[in-house]
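Remember, it's a predicted structure, so these values are computed and weren't measured experimentally. Protein chains get the first letters and strands the later ones, always in sequence-line order, with residue 1 at the start of each. Just so it is clear, the values below take in all heavy atoms, side chains as well, and ignore hydrogens, waters and symmetry mates.
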Protein chains: 4
Amino acid sequence: MKKTKAAIVGASGYSGQELIRLLLRHPHVDITHYTSRQYAGKAVADVFPRFRGQVDAAFVEPDVHKLDADVVFLALPHGVAAEYAPALLQKGIKVLDLSADFRLKSAAVYKEFYEHEHPAPGLLQQAVYGLPELHRDQIRGANLVACPGCYPTSIILGAAPAIKKGLGKPDTIIATSLSGVSGAGRKVADEYLFTECNESVRAYGIPKHRHIGEIEQELSALAGLGVTISFTPHLIPLNRGIVSTIYMTLAAKAEDAFAMYGDFYKGEPFVRVARALPDTKNVEMTNYCDISVRVDPRTNRLIIVSAIDNLTKGAAGQAVQCLNLVCGYVETAGLLG
Amino acid sequence: MKKTKAAIVGASGYSGQELIRLLLRHPHVDITHYTSRQYAGKAVADVFPRFRGQVDAAFVEPDVHKLDADVVFLALPHGVAAEYAPALLQKGIKVLDLSADFRLKSAAVYKEFYEHEHPAPGLLQQAVYGLPELHRDQIRGANLVACPGCYPTSIILGAAPAIKKGLGKPDTIIATSLSGVSGAGRKVADEYLFTECNESVRAYGIPKHRHIGEIEQELSALAGLGVTISFTPHLIPLNRGIVSTIYMTLAAKAEDAFAMYGDFYKGEPFVRVARALPDTKNVEMTNYCDISVRVDPRTNRLIIVSAIDNLTKGAAGQAVQCLNLVCGYVETAGLLG
Amino acid sequence: MKKTKAAIVGASGYSGQELIRLLLRHPHVDITHYTSRQYAGKAVADVFPRFRGQVDAAFVEPDVHKLDADVVFLALPHGVAAEYAPALLQKGIKVLDLSADFRLKSAAVYKEFYEHEHPAPGLLQQAVYGLPELHRDQIRGANLVACPGCYPTSIILGAAPAIKKGLGKPDTIIATSLSGVSGAGRKVADEYLFTECNESVRAYGIPKHRHIGEIEQELSALAGLGVTISFTPHLIPLNRGIVSTIYMTLAAKAEDAFAMYGDFYKGEPFVRVARALPDTKNVEMTNYCDISVRVDPRTNRLIIVSAIDNLTKGAAGQAVQCLNLVCGYVETAGLLG
Amino acid sequence: MKKTKAAIVGASGYSGQELIRLLLRHPHVDITHYTSRQYAGKAVADVFPRFRGQVDAAFVEPDVHKLDADVVFLALPHGVAAEYAPALLQKGIKVLDLSADFRLKSAAVYKEFYEHEHPAPGLLQQAVYGLPELHRDQIRGANLVACPGCYPTSIILGAAPAIKKGLGKPDTIIATSLSGVSGAGRKVADEYLFTECNESVRAYGIPKHRHIGEIEQELSALAGLGVTISFTPHLIPLNRGIVSTIYMTLAAKAEDAFAMYGDFYKGEPFVRVARALPDTKNVEMTNYCDISVRVDPRTNRLIIVSAIDNLTKGAAGQAVQCLNLVCGYVETAGLLG
């Protein structure tokens, strides 16, 4: 079988690095371009010594016209991806976007959360929200997939069964997330220095973190009504991993919450529902989302805890899972083991 | 001025170690006994090399009859402290208990959360809940002070102003806490090994963690009605520190939440209300509790974040603060710098 | 091609866990037994939630007579492996031993370092030291492979070119190693608790660490004379990884040390010689050994730095590499990506 | 007693922050100025929330003419301190320099290691090397004290007894150091990001790290002949702390190495010689240097291990210890507890 040619635009960040790791072992994909403004001309293996002996290529400038590929992964900062997507789509290249640029259906909601006009609003309806567990069929036929990041993935997958099945009241959702530092990207800033993050925990971005918009969009669709949530992210001293703890008031008797969650995700290759509470170390460098659920009769609330690796199921792994759907491969290709 | 003679019963755990650190620099206290069943006969400085050159004593067996002291700190596991307290009180020794044994006023609530009868229910009414910010005057005259631990301290101090002043609805309180591993004590168990905790985050103990009882007791007293809360603790990879993030629905207009919090804690030597969100690293090895508050108009909720060092304000520092009140010293003696 | 049936004896330690991870993705191996005294009867996925969805089996008691396998990995504590090997070999099963039991050729040297008689001295000559870079051909035909652990692998691979080629003086070798905590195994002891290892660095086991014996054995063979080394291991706060820094006085002009190292390991699939100093993060969860070398004209010394993942190239990965040789597979099967 | 007025020039780095922490609790010092180019005008407590409630002052520009102080601490990058010292000395202000600018006696050696001419060579002879254990008397009368940093302090204190007493051969010294990340200062660079340092260990700066010059200067003085050493620093994932492991060939029978070390440092308030190998966690946030020593009869070498907190005894604490000597205070003032 002829391999799919894939280019990684923005290959020098943490999501790009994880894409390289995953695609190198993907049986049906060849990486044709690694782009990086900052490192153009330098060998990939010199910037990422992890890949020494595995990658001979050098980083190149991100020139859309020179990308010879069937699919392009955009692992770019928010706002930049939207500059690349239109031209790529016009060339007939499928786009797997890891940024937030095309996740929202509404340009107005985009403006509310990102505080500027959307740069390519015409593409918003065409884009498919790249969460396979909710939108598998649409992703299969998509040209532009907007893969959700770490916070939305962990919270939407955690809340979806309860909301979709009417177990929890949609207007009572509160989510607390704990994220490893790679979630901030490879941003060189004082606050992400080792000595500032180690032996440190802090909440940030409350009360209106940008990712709330897409979480509410997806949960509203599941609930069939407009959902507004509270969300508090925290930065904790680990490299990879997110745990999200989600509360909602019970709408119905919930003695079978565990069974319902198991049913909802039955057959899903990357969601594991278990009685034991999840731990990021069990999903590290995997594409799994581990979920557990508890009913609290004292407060009449449901508590759901989910864990993912923010760089895998929360970024690059999810994008590869979407690629597998887009290209008609087995959904787990390159993602197990 | 004659110094207060203090004995530390259970001096070989993490709270005991922190008590030693704090009392060694206390201007008005001499440590007379360091007890430890496990290490009796061994030099304190051999077990805790940090104190080499500062402590010449050896650990001794915890024999109540041999303790020659004005005050005794009980840094013992839950259930064990209650065995020591009666005899000490009978000898006229003041007791500063760091365990949970005497924190609840109700033996029935104790039984609900600890699942056995209270071993010394007759002392429950006499004991004073050792949170100076709420019970300063009673602590001053107390013989038995039940010092709250890390989760209760961070949550009660965070929620108290909003509940006391009617800003938040008491029946909507949800608290998420993130704790460093020393919070589990010096317990030699597989789950606390470095390799199991590093690069790991996990929730545990939901939905009915034992400390909920005392949190609800204190918040109920502030609210003037029975309060039931949701509480999820998480274990994160750092040594010392807790952040608690507390949600509640607004009962009243809250544009002045920050000012109200500032007023509530005005003059408190160890509570710092600030606009910036707290970080455990700013309170590490200090007795401070840092608090910040946000109003979320989208969800009509209040979000409060508090941070303490679990071994200082969440254990040994709080006990020393109580000692200062009990003994009539300046409340900050030995606790600044 | 019929798959090789492999049993893992001692599958519940960290090396056993890493063996499971690697063998699950090995194209030519089926795991037939996971033994564990401690967890016999429990599902592997309950003890190691990382493998949920991938392993259905339960741990079984380590009964040699019930092991139906072509090869057996012994991931057991030192001294225990020697009890299993003879019976397995007698059954015609090939043994890949990850312990130190069969690494030394001399029972006398064994006694010197382990302070008791060797339990099966008759097998010592038959055993092959499982370092493919030095003993590839012997491993191919071996029935009993004694795979070296983390310290010996990192130091021998680092020193071998200089000693073999006469660049360094064998009687001047000093090695300092920095090891992650998983190197101590899953030992439940006070000293390996998170709070004792985090924000901590310490040397240990000097001056006569047990692994010195096998390092000297291998370096002596390369040098053609008896070599005695100094070796200091240090425990540092990370999960996986070892860096070894090795000093020796130059015996010859060494301007071409880098080229010599490159030549020595030319074609080796798992040794990467580079100008940049190695970092454990670049070899984490891989079977690579990264090496760099510097000449210090001021002191006339050679300084070599090597890095491996102690659980992969320092344990389970090395054993799988040996399995590939023993079974005639491509040497990198299951070990890349 | 009138307090000493102290200004901290460069107060916004990690050494500056530690100076603030130590001087705030010093009984005889008032901090009069906190200078910082980057943060001039901002409240100290806003930049370092740890000091909220303790420091009301704001950072000011480092203008020598406006500094009203008896002593000035220079916590500046190498090369910058030398610009400030002359003017301060001329104003009659005593200077405690934490940089490397005045540690070398020889401008030629300075040029060899720093690769440019010394900016104020006339002050080199006047400056006193601020290691109290070796130069206590000179420090007492000094106007300009060049306080050694973390690597030199840990290595010189570790090697001094053996070299001074003729136990070890000076031409065989090899030192390996493991440093926490705060040792790199608060430098905002890719390589010091949390995600790049956590789960990472790496050697760097070999074979000719800049601090070798001053280590050789001090050891040569002790040996009475020119000493050349090998030195390899490593960056490891902890905030504070250095362990140095030092090797040298025995020059004499050394059965009494431990006693000799104990004698050498007898009465020293901040050096603790113990049989147990040191651990950084025992000296964290203290001014102690813990040292242990082992004789290896197999290799005829001495192995010394020392541990300090790089920001305290390796920087700010040492400077305060020197201030106590310069000002005639008890040497431990402000440094215990």
Problem - Positive for side chain to side chain contact (heavy atoms under 4.5 Å, CB included) with A/Ser230, one of B/Thr249, B/Asn300, B/Thr299, B/Leu302 - result: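 One option only clears the test, and that one is B/Thr299.
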
Side chain from CB out, backbone as N, CA, C, O: work out which of these in [X] comes under 4.5 Å of a heavy atom of chain B, or both, or neither.
{"X": "A/Pro278", "answer": "backbone"}
{"X": "A/Arg301", "answer": "side chain"}
{"X": "A/Glu199", "answer": "both"}
{"X": "A/Ile242", "answer": "neither"}
{"X": "A/Ala307", "answer": "neither"}

Practice task
Please indicate whether A/Lys208 has more than 12 foreign heavy atoms, meaning atoms of other residues, nucleotides or ligands, lying under 6.0 Å from its NZ.
Solution key: yes

Practice task
Please say whether more than 12 non-hydrogen atoms of neighbouring residues, nucleotides or ligands are located less than 6.0 Å from NZ in B/Lys105.
Solution key: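 More than 12 heavy atoms, drawn from other residues, nucleotides or ligands, come within 6.0 Å of this atom.
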
Exercise for the section: Identify which part of B/Arg294 has an atom lying under 4.5 Å from any heavy atom of chain A, answering side chain, backbone, both or neither. Expected result: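 B/Arg294 touches chain A through side-chain heavy atoms alone.
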
Practice task
Among the options A/Lys281, A/Glu284, A/Arg240, pick out the one with the most heavy-atom pairs lying under 4.5 Å from chain B.
Solution key: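 Answer, by heavy-atom pair count under 4.5 Å with chain B: A/Lys281.
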
Problem - Among A/Asn282, A/Ile229, A/Thr280, residue most engaged with chain B (heavy-atom pairs, under 4.5 Å) - result: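 So the answer, after comparing A/Asn282, A/Ile229, A/Thr280, is A/Thr280.
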
Problem - Spacing of CG belonging to B/Leu178 relative to CG belonging to A/Leu178, to within rounding of 0.5 Å - result: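 Output value for this atom pair is 4.0 Å.
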
Completion exercise
CZ of B/Arg298 to CD of A/Glu216, rounded to nearest 0.5 Å, is 4.0 Å

Heavy-atom pairs under 4.5 Å with chain A: which of [options] has the most?
{"options": "B/Asn198, B/Asp171, B/Ile303, B/Asn239", "answer": "B/Asn239"}
{"options": "B/Ile206, B/Val295, B/Val305", "answer": "B/Ile206"}
{"options": "B/Val201, B/Leu235, B/Ile174, B/Thr228", "answer": "B/Val201"}

Handout entry: Beyond-backbone contact of B/Val243 with A/Arg202, side-chain heavy atoms, under 4.5 angstrom
Key = no

Problem - Residue pair B/Thr176 / A/His234, side-chain heavy-atom distance below 4.5 Å - result: no

Fill in the blank from the handout: Here the pair of heavy atoms bringing A/Pro237 nearest to B/Leu238 is CG-CB, 4.2 Å

Exercise for the section: Looking only at non-hydrogen atoms, find the nearest pair between B/Leu277 and A/Ala203 and report the distance. Expected result: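 The answer is CD1-O, 3.4 Å.
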
Handout entry: Residues A/Thr232 and B/Thr245: side-chain donor-acceptor under 3.5 angstrom
Key =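 Not at all, the side chains of A/Thr232 and B/Thr245 share no donor-acceptor pair under 3.5 Å.
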
